[in-house]
Number of protein chains: 2
Amino acid sequence: MQTAFRNDIPAPALAPALSPVSPLLRPERESPTLGTVRTFTKDEEIFMEGDNAAFVYKVVSGGVRTCKLLNDGRRQIAAFHLLGDFFGIEVGQEHRFTAEALGDCKVIAYRRRGLDVLSGGETLSEQLMTALMRALERAQAHMLLLGRKSAQEKIAAFLLDLAEREIDHRHIELPMARIDVADYLGLTIETVSRTLTQLERQGVIAMPAHRRSIMLKDKAALQRLDA
Amino acid sequence: MQTAFRNDIPAPALAPALSPVSPLLRPERESPTLGTVRTFTKDEEIFMEGDNAAFVYKVVSGGVRTCKLLNDGRRQIAAFHLLGDFFGIEVGQEHRFTAEALGDCKVIAYRRRGLDVLSGGETLSEQLMTALMRALERAQAHMLLLGRKSAQEKIAAFLLDLAEREIDHRHIELPMARIDVADYLGLTIETVSRTLTQLERQGVIAMPAHRRSIMLKDKAALQRLDA
DNA sequence: CGTATGTTTGACGCGAATCAATTTTCGTGG
DNA sequence: CCACGAAAATTGATTCGCGTCAAACATACG
């Protein structure tokens, strides 16, 4: 299905000096060429999760995989990038996933600039660009959840994520029904319900009678579950 | 985890008339206000997959779910959007997923302009914006695959997707190993291998001895499998 | 109240994972 | 070119997590 960042357009033309380039991602100006070609061999790492995201990449030959890992080694590949595809675009300072060569391959690395402009953009289009990248980060994290996590791990991650958005980080008011939780986590309502009562019996969470709010009694336990 | 398009920034300030707004997504200029508030009740549809993507939305109160459906009703929610989150950003003319209210809620609708500028942008930043949105679309489709499809359906979708990228749309040269396919589709190598030989026995595909290339003998059968 | 809707609980079955073994492919050096 | 060992892919037997089916229970609402 997905080989993201698909893009058949040839290497970008040099923008006229005063063209309205978005401040978010600007080509290197000092360099007469817009990017540097780099070569990799099979399974070689192009960048790792946590690396400084100084470059944006485009595949020239061969293929690349971008993936996320759980601490026990389970892996979810978010996308394959083939000829012409971009990868490594980030909202923040660092890469949120690892990129490795599928086989021998060549990529162009474009230097990024003005990254910090991203936080707190004021125009609608800047906000949208930021929202878009955040959404993509979240989508990648969610793919890891959907593809590689157990029911317990999914629920734990979900609760921790929701709690982050509450004023009191230990108390959740669920704004959605069980069926929505199930369809979000790739489970059934029965499994969602069973897993919640299981966590309740273990004393990790507590739920009042109407079951629409959840108290996180043992956040550390949830974090342990969230592989 | 994921409640995509997270954005705590207040409503965007009106950009100065000549600020370098990206041509991709531009606020309505004719209107003195930047958006229109709309109210929805529980399960009410905000927009549907296929609708014209004339607006971009932001949650003001309550919550929204964006989801994709398979023809038999299986559903995958890509994200929940709560206070301050944007949703409905699209690369093309139409929405790629459905948005519905989780409960009573209010959203601001920002009118979009200059959408067609998207195709064939020439500067690097325009290409990146396009790549970013394409990647998000693909990530959403992949979430549906990971969360709701069977092994056969996953493999079928994967083969059809790869075939699209080949010169001959009926012949695939796999650039990656089985383990990569497995980690992309949320399966094990054993299941990938078994499913491929199963499809081969059914006469849907054919593989030579070295098993690195695949001929699609019955594309229609694959499309039927790809729910 | 009574009906509809949402949630929980239980019994059972199936699809995919796990465990294990074999076969094939491929890289390396004789 | 062939022999060897390592890595990749396939195949089989078995297990198990989660889905399915079904029913009871709770909550919301007219």
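It should be emphasised that the depicted structure is a prediction, and the values quoted were computed from it without experimental measurement. Throughout, a chain's letter reflects where its sequence line sits, starting with A, and its residues are numbered from 1.
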**Student:** Is a donor-acceptor pair below 3.5 Å formed from side chain A:Arg194 to base D:dG17, judging by atom type as modelled?
**Tutor:** no

**Student:** Once hydrogens and angles are ignored, does a donor-acceptor distance under 3.5 Å link the base of C:dG6 to the side chain of A:Arg212?
**Tutor:**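 Absent.
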
**Student:** Do any side-chain nitrogens or oxygens of A:Thr191 fall under 4.0 Å of OP1 or OP2 in D:dG19?
**Tutor:** yes

**Student:** How long is the line joining CZ of A:Arg211 and C1' of C:dT5, in whole Å?
**Tutor:**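 Atom CZ in A:Arg211 sits about 17 Å away from atom C1' in C:dT5.
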
**Student:** Among residues at least two apart in sequence or on other chains, which ones pass side chain to side chain donor-acceptor pair (under 3.5 Å) with B:Arg148?
**Tutor:** A:Asp183

**Student:** Under the side chain to side chain donor-acceptor pair (under 3.5 Å) rule, collect the residues that match up with B:Glu100, sequence neighbours excluded.
**Tutor:**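 B:Glu100 satisfies side chain to side chain donor-acceptor pair (under 3.5 Å) with B:Arg65 once adjacent residues are dropped.
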
**Student:** For A:Lys42 and D:dA6, what is the distance between atoms NZ and C1' respectively, to the nearest whole Å?
**Tutor:** 14 Å

**Student:** Pair B:Gln202, B:Gln152 - check side-chain contact (heavy atoms from CB on, under 4.5 Å), show working.
**Tutor:** CA-CA 12 Å; B:Gln202 292 167 10; B:Gln152 270 217 350; 3.7 Å; yes

**Student:** Between C:dT7 atom P and A:Leu174 atom CG, what is the distance in whole Å?
**Tutor:** 9 Å

**Student:** Output the rounded distance in Å from CD (A:Glu190) to P (C:dG13).
**Tutor:**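 That distance rounds to 17 Å.
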
**Student:** Rounded to the Å, how far apart are A:His210 NE2 and C:dT7 C1'?
**Tutor:**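 Answer to the nearest Å: 13 Å.
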
**Student:** How many whole angstroms separate atom CG of B:Leu187 from atom P of D:dT10?
**Tutor:** 14 Å

**Student:** Starting at CD1 of A:Ile155 and ending at C1' of C:dT8, how long is that distance when rounded to a whole Å?
**Tutor:** 14 Å

**Student:** Here's a test of your reading of the structure: between A:Arg178 and A:Arg148, which maps to the more 5' nucleotide of DNA chain C?
**Tutor:** A:Arg178

**Student:** Given D:dC18, C:dT25, D:dT10, which nucleotide is nearest the side-chain atoms of B:Ala209?
**Tutor:**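 Side chain of B:Ala209 sits closest to C:dT25.
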
**Student:** Within the structure, does a side-chain N or O atom of A:Ser193 lie under 4.0 Å from either OP1 or OP2 of C:dT9?
**Tutor:** no

**Student:** Round to a whole Å and report the spacing from CG of B:Asp43 to C1' of D:dA28.
**Tutor:**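 After rounding, the reported distance stands at 15 Å.
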
**Student:** Name the closest nucleotide to the B:Ala151 side chain, picking from C:dA16, C:dT7, D:dA9.
**Tutor:** C:dA16

**Student:** Take the angle between the ring planes of B:Phe86 and B:Tyr110 and call it parallel below 30°, perpendicular above 60°, tilted in between.
**Tutor:**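 Rings of B:Phe86 and B:Tyr110: tilted, as their planes differ by 30° to 60°.
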
**Student:** Using a distance-only criterion (donor-acceptor N/O pair, under 3.5 Å, no hydrogens), is the base of D:dC18 paired with the side chain of A:Gln152?
**Tutor:**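 No pair found.
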
**Student:** Examine D:dC18: is either OP1 or OP2 under 4.0 Å from a nitrogen or oxygen in the side chain of A:Thr188? Give yes or no.
**Tutor:**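 Looking at the OP1 and OP2 atoms of D:dC18, neither is under 4.0 Å from any side-chain N or O of A:Thr188.
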
**Student:** Just by distance, no angles: are the side chains of A:Ser193 and A:Glu190 close enough, under 3.5 Å, to form a donor-acceptor pair?
**Tutor:**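 A:Ser193 vs A:Glu190: no donor-acceptor pair found between side chains.
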
